[in-house]
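Here is the structure we will look at, set down as structure tokens.
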2 protein chains.
Amino acid sequence: MQSEFVASRSADQRDSRESRNGNPQLDAVSLAIIEQLQEDGRRPYAAIGKAVGLSEAAVRQRVQKLLDQGVMQIVAVTDPLTVGFRRQAMVGIHVEGDVESVADALTAMSECEYVVMTAGSFDLMVEIVCEDDDHLLDVINKRIRAIPGVRSTESFVYLKLKKQTYMWGTR
Amino acid sequence: MQSEFVASRSADQRDSRESRNGNPQLDAVSLAIIEQLQEDGRRPYAAIGKAVGLSEAAVRQRVQKLLDQGVMQIVAVTDPLTVGFRRQAMVGIHVEGDVESVADALTAMSECEYVVMTAGSFDLMVEIVCEDDDHLLDVINKRIRAIPGVRSTESFVYLKLKKQTYMWGTR
DNA sequence: GCCAGAGCTGCGAAATCCGCAGTCTTCTCA
DNA sequence: TGAGAAGACTGCGGATTTCGCAGCTCTGGC
């Protein structure tokens with residue numbers, strides 16, 4: 001299973017040249033490769049090579065490295081509604097004590113699709129994907145509020161998803 | 001370019017059998033195919049076929065149909081930080097008047113990665129990806145607040161992305 | 001100058017993709 | 001009730017892509 005990002009990576013996965021924040025430094029060619037794959041994740045290496053000015057083999061090696069490093073992943077993404085998850089919500093969380101440990105507990109929950117630590121009136125924001133209202137209620141009231149350190153929550157139930165892109169770096 | 005979801009689809013793209021909300025109904029086999037591609041977007045059709053009990057050609061036809069229908073897309077997703085976007089934020093928006101038109105305006109902005117209409121104390125929530133603080137400030141104060149109907153906004157700057165998955169339907 | 005490592009190219013074999021013809025089932029309608 | 005249309009699947013062969021590897025070039029360290 002590789003469809004998960006975790007912010008920190010182990011040392012042996014890092015590139016030799018890395019920037020201040022510990023992430024590998026990408027050159028223009030790698031960015032161009034990523035752009036190609038953001039348009040179509042199954043585009044052949046030869047076609048990408050032609051677009052970015054590299055041989056098929058070189059593109060293949062770069063893509064493999066980007067995947068190994070965790071810089072990028074190639075996956076199917078779906079509209080949750082279509083796949084049977086009828087309730088989604090963003091939940092803002094106020095924490096007392098250690099925010100990181102609360103975040104870890106949330107990360108471990110399969111219903112939490114997206115967990116981010118924020119500055120502002122919430123300490124954490126979490127996106128939740130559920131099958132129905134009962135499921136959502138259960139997750140928020142029983143599971144999230146039961147985590148030690150969670151002081152209060154505020155929920156924003158999704159009415160309509162208007163846009164969802166994956167085009168970072170294509171601007 | 002196909003890396004964008006829009007919630008409403010034109011009539012001719014719809015499946016013959018569709019559920020109440022207008023989305024195509026997926027059977028267990030299509031879900032299983034999606035799961036396979038959520039683990040690895042480049043997995044060969046033959047391997048998927050073996051896993052779900054279908055021929056290579058049948059898998060290929062189903063995948064093509066899922067892509068055409070907009071149920072799923074196969075794309076590269078990246079860690080924005082690695083690709084040079086150092087500031088991300090979730091912005092909650094209070095709207096007066098037509099929420100949909102504000103949402104459309106936000107959808108048109110390339111910095112808005114994610115736009116969703118919500119119930120709760122915000123009418124809209126938007127995820128923004130920027131290169132730096134100046135860029136973020138410009139987007140929020142100059143661009144978003146300039147949209148007619150936007151009454152006020154509240155920002156939550158990302159400190160740390162803890163989890164980001166694409167595993168809907170894999171539970 | 002020499003070595004080691006990283007990155008690229010070219011190439012042949014193996015695997016995959018792709019289009020198509022044919023089969024089977026279901027559904028519709030006269 | 002039967003003809004016919006539509007949808008979905010299989011099998012197959014040719015085209016394309018992927019994959020592994022040997023060899024080349026460039027760079028940095030010593």
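Each chain gets a letter, A, B and so on, in the order its sequence line appears, and its residues count up from 1. Every value quoted in this text rests on a predicted model; they were computed, and no experiment measured them.
- Nearest to the side-chain atoms of B/Arg60 among the listed nucleotides C/dC17, C/dG10, D/dT18 stands C/dC17.
- Separation of atoms CD (A/Gln38) and CD1 (A/Ile74) is listed at 10.5 Å; rounding is to 0.5 Å.
- Rounded to an integer number of Å, the gap from A/Arg43 CZ to D/dT16 C1' is 16 Å.
- Across the protein-nucleic acid pair, A/Ile48 atom CD1 and C/dT9 atom P stand 14 Å apart, rounded to whole Å.
- For the pair A/Ser55 and A/Arg42, both in contact range of DNA chain C, the more 5′-proximal nearest nucleotide belongs to A/Ser55.
- Just one residue in the list B/Phe122, B/Tyr158, B/Phe156 forms a ring-ring contact (aromatic ring centres under 6.0 Å, His included) with A/Phe122, and that residue is B/Phe156.
- Remark: C1' of D/dC9 and CG of B/Asp27 are 13 Å apart, rounded to the nearest angstrom.
- Among the nucleotides C/dG19, D/dT18, C/dT9, the one closest to the side chain of A/Glu56 is D/dT18.
- B/Lys163 contributes a side-chain N or O that, together with a main-chain N or O of A/Cys112, makes up a donor-acceptor pair within less than 3.5 Å.
- When the C1' atom of D/dA8 is taken as reference, atom CZ of B/Arg62 falls 8 Å away, rounded to whole Å.
- Between the CD atom of B/Gln61 and the P atom of D/dG7 there is a distance of 13 Å, rounded to whole Å.
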What's the verdict on salt bridge (charged side-chain N to carboxylate O under 4.0 Å, His left out) for B/Arg87 and B/Asp132, showing C-alpha distance, side-chain angles and the deciding distance? CA-CA 5 Å; B/Arg87 274 292 171 270; B/Asp132 51 37; over 6 Å; no
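- Taking only side-chain nitrogens and oxygens, A/Lys65 never comes nearer than 4.0 Å to OP1 or OP2 of C/dA6.
- Rounded to a whole Å, the OH atom of B/Tyr45 is 10 Å from the P atom of C/dG19.
- One can place NZ of A/Lys50 at 14 Å from P of C/dT9, the figure rounded to the nearest angstrom.
- Look at CD on A/Gln64: it is 16 Å from P on C/dA6, rounded to the nearest Å.
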